[in-house]
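Everything below concerns the one structure shown next.
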Amino acid sequence: VNGHPQVSSRRALFSFVLILVVFLAVSVVVILSHQREMLDDMKAGARRELALLGTLSRESLLKLDYATVEKFLLQWAGEHENVIELKAVAPNNFVLVEYKREAPAAYTYRIKQQVRYKGRDLVTLYMTRDLTAVVGSLDRLALRLIAGSVLLTVLLGTALWYTLRRMALLPLERRVEERTAELARSNVLLRQEIAERRRAEESLKEERDRAQRYLDISGVMFVVIGADQRVALINRKGCEILGYEEGEVIGKNWFDNFLPEGIRAEVKEVFERLMAGETELVEYFENPVLGRNGQERVIAWHNTLLRDEEGNIQATLSSGEDITERKRAEEELRTLFSTLDTVVEHMPEGVVLLEEEGRVVLTNPVGKEHLSALSGRGIGEVLTHIGGRPLEELLVSPPLIAWHDVQAGGRTYEVAGRAVAAGGTVFVMRDVTEERALKERIQLQERLASVGQMTAGIAHDFNNILTIINGYAEILLTDMPLSPEAKQEVGAIFESGQRATALIGQMLDFSRRRAGELEVIDLLPFVKEFTRFIERAIPVNIRLSIVFEPGDYKVRADPTRIQQVLANLAVNAKDSMPEGGELRFGISRMSLAPGEKTPLPEMPPGGWVVLSVADTGTGIAPEVLSHVFEPFFTTKGVGKGSGLGLSQVYGIVKQHGGYIDVKTSEGKGSVFLIYLPEAEEPKGDPGDAREGKGRAVQGAHGESTPS
Amino acid sequence: LNTFRALLLFLAVFCFPYVSVAGDALTLGIHPYLPATELAGRFTPLADYLARITGRPVEIRIAKDYQEHIDRVGRDEVDIAYMGPAPYVKLVDAYGEKPILARLEINGKPSFQGVIVTTRESPIQSLSELAGKRFAFGDPDSTMSHLVPRYMLAEAGVGVERLGGYEYLHSHVNVALGVLMGHFDAGAVKEEVFYEYEKRGLRALAWSPRISEHLFVTSKTLPPETVKTLREALFSLRDTEEGRAILSSIKEGVTAMVPASDGDYDTLRAILRALEEQGVTP
């Protein structure tokens, strides 16, 4: 029987196409070899030209007319545009002619020609020709010819195929088709007969094998235990689990051989009672079995009873599934979950897990707190924004860093979000408010320390120079008989020197190189005294007051320096209130236990006296604030301030082991807070010495409102 | 009256060239060192200039050969003659001194020099080491590529007979290339050619004495005032744009015409005499 007619037609078509492809391939090879031949012709032409140049050069060289060779070759190369290099090199390596054309060439051809006469080398010619254009046009020609051949093959092939099919293949196909149909009919009848007979045989055999196969391919073990406690049947899986051959198990006492010792007696007893009909069968339980090498495996058992025709219990049939691995995995998973839970719960960062729709499904305690502060949402609620920013924005890390800064309720948080592979997103949040503030303070301290070091160096050197200037000016003024005019001029030098010395003094104060005499003083009477002293210097439209609680405010201090601090702050306060206002001095005490939060991060715990100078002036702009303690930094006009006042204050406070802070609100005023360590009290309980507990306000300008 | 004046002016402007043609023409003689048409082209601007200054037409005469040129100058058959230094020395030997008008100054120098060259790699360090070596001369008539170097070789004790061989290559450039190609151990060239090929590997072995440049002489029969006019005309060429164009037309690099005397050619004269004693004549 031959194949189907369509198949034969397809085979014919395939052969036909194969012949066409071979024809096409031959054409392409012919075209390409022609192209190569043409290129070779070009190269041969170039070689002939170079040989001719060699002959011409030889004539002139034999006449010792080198100049002609040089001129001729250069001119010849210049006139032939595809010559990109021409060189004539003498046997002693002297380059008689070197012509080079600056032209980018993709395909070059370099040839060499030795010019000899009677076995003697005269000169060697080297020529490089640019064949890019030639190769390019040959390539284009070949491409066109190949394209033409393809087109021709396709057209010719199609025409031939149609002719062949109509004339020869179609009639043949029809005849084959008729014969095939006839054969197929008789074939079908025959096959049906054979199939029926075979089916009958097979169903018998199948019936026989099926039971055994079911048992063998089963993923669970089957065990039949007879009333005599011996194994009557075990399937392949059962043997695998136990690690024995079938023959080693059949007929053995199940309980003595295949159960762990610990449960053996108990199970045996239950079985005996079951056989005696004293107890009901437990349909499902989990029990271990004992394998060949003493290893135990946990099996989940399903049981049924086998009875004889009269209904007497003869055996138990049990199917068991090995669940050892599953048990272990479950245990491991439980441990892992509890570890993860502990880690997340105790993380110092907030962790929030969102479902795909943005519903909060999990948070740790810190996360719950931050989430509530940032968005007011909790578990089970849908989250769209964190701190006013859409979630999508937070899922993409900003350039160079992983965290987004998010502000809420005056605190700064770092937030980073990541999509979770299983769907949903995880957000991690950190409250960095204190960390940032501390970092900023540390930077400021470091800056001031380095500026201080530099200032100290400069001030020290200048001080030495000024000592000389002032000293000699003074000697001139006192010891020399000077005319009144000269005296006035030297006096001016001396005065300027004194002013410079004062400035240097301020600089030295800032740089903490000068340590004064420290004595224990009570700040309250001191400040009171100071306000009385400056009362006259302050314009009447500025109200002056002291806020304090009666008591001792003992500190170890240099009174003159502290007075300097108060004076500088008072002057600044006055200058910031050209339209008038209120200047308030404050004194209070503060006791900080270890671990308690300090007003400034770098401040250690202990007892502190807090001195404050507050004004209701213009305040300090935020961009200026971090520079106010730097020397020579001033916002006052040129000539109005030295820029040293606050630097001096800063230096003096540091000298006293104190700290300074400034709080300001633009347009509302500033408060300078000075923390000085409390002097150790030699006396007993200081609380008894307190004068009272009320707050007192002393109006320095009296009760009347200033006009 | 006005009409008469206008007519006079017309005649003065348009008829002047014809009037001057009417006078005796001056002749400018040149030796045939280049094809005649090339020479005529180079010297016509000078001839026209001299005609304008003297008011007499100037005709260019190119001699058949060097010897004829010397003879014609010697017999006062040309009024102004352009001469090379060696022919001038010959002229004075044969016919006595002629008034010198001026000599050329090339690139600021009224004299020139030759160089005996070898290659940079050559072990030869002095002329005396040239004994037994191959030497390249230019043209047998050339001052700097044959006569002067030949004198220098003789002075150094290396006459041509002691050389390993020598050839005339007919041009300075050929000499330079022949030495560079390694076909000759040394050769003689003029200084410009040496400078041009120095960068390609030439090295100077010895420099010749400086020889006074090409010059213009005049006939003894020319009136002294005409000679004076001609000298001044030549000396002042350097001062005008036109004059400088005339100079560079004669030869590229000519920067001026400067005064000269017969004594300026004594060096060459001595060299030629020495060569003559050795049997070498230009």
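Source: prediction; values computed, not measured. Chain letters run A, B, ... following the sequence lines, proteins first and then strands; every chain starts at 1.
- Partners of B/Asp71 by salt bridge (charged side-chain N to carboxylate O under 4.0 Å, His left out), not counting sequence neighbours: none found.
- Within a 6.0 Å sphere centred on CD of B/Glu252, heavy atoms belonging to other residues, nucleotides or ligands number 12 at most.
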Taking only distance into account, so ignoring hydrogens and angles, what donor-acceptor contacts under 3.5 Å exist between chain B and chain A?
| residue | atom | partner | partner atom | Å |
| --- | --- | --- | --- | --- |
| B/Asn174 | OD1 | A/Tyr66 | N | 2.8 |
| B/Asn174 | OD1 | A/Ala67 | N | 2.5 |
| B/Asn174 | ND2 | A/Asp65 | OD1 | 2.8 |
| B/Leu180 | O | A/Asn92 | ND2 | 2.9 |
| B/Met181 | O | A/Asn92 | ND2 | 3.4 |
| B/His183 | ND1 | A/Tyr66 | OH | 2.8 |
| B/Tyr197 | OH | A/Glu70 | OE1 | 3.3 |
| B/Arg200 | NH1 | A/Glu70 | OE2 | 2.6 |
| B/Arg200 | NH2 | A/Val95 | O | 2.8 |
| B/Arg200 | NH2 | A/Leu96 | O | 2.5 |

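- With chain B as partner, the option from A/Val95, A/Leu96, A/Val123, A/Leu122 having the largest number of non-hydrogen pairs under 4.5 angstrom is A/Leu96.
- Around the CZ atom of A/Phe94, the shell of radius 6.0 Å holds more than 12 heavy atoms that belong to other residues, nucleotides or ligands.
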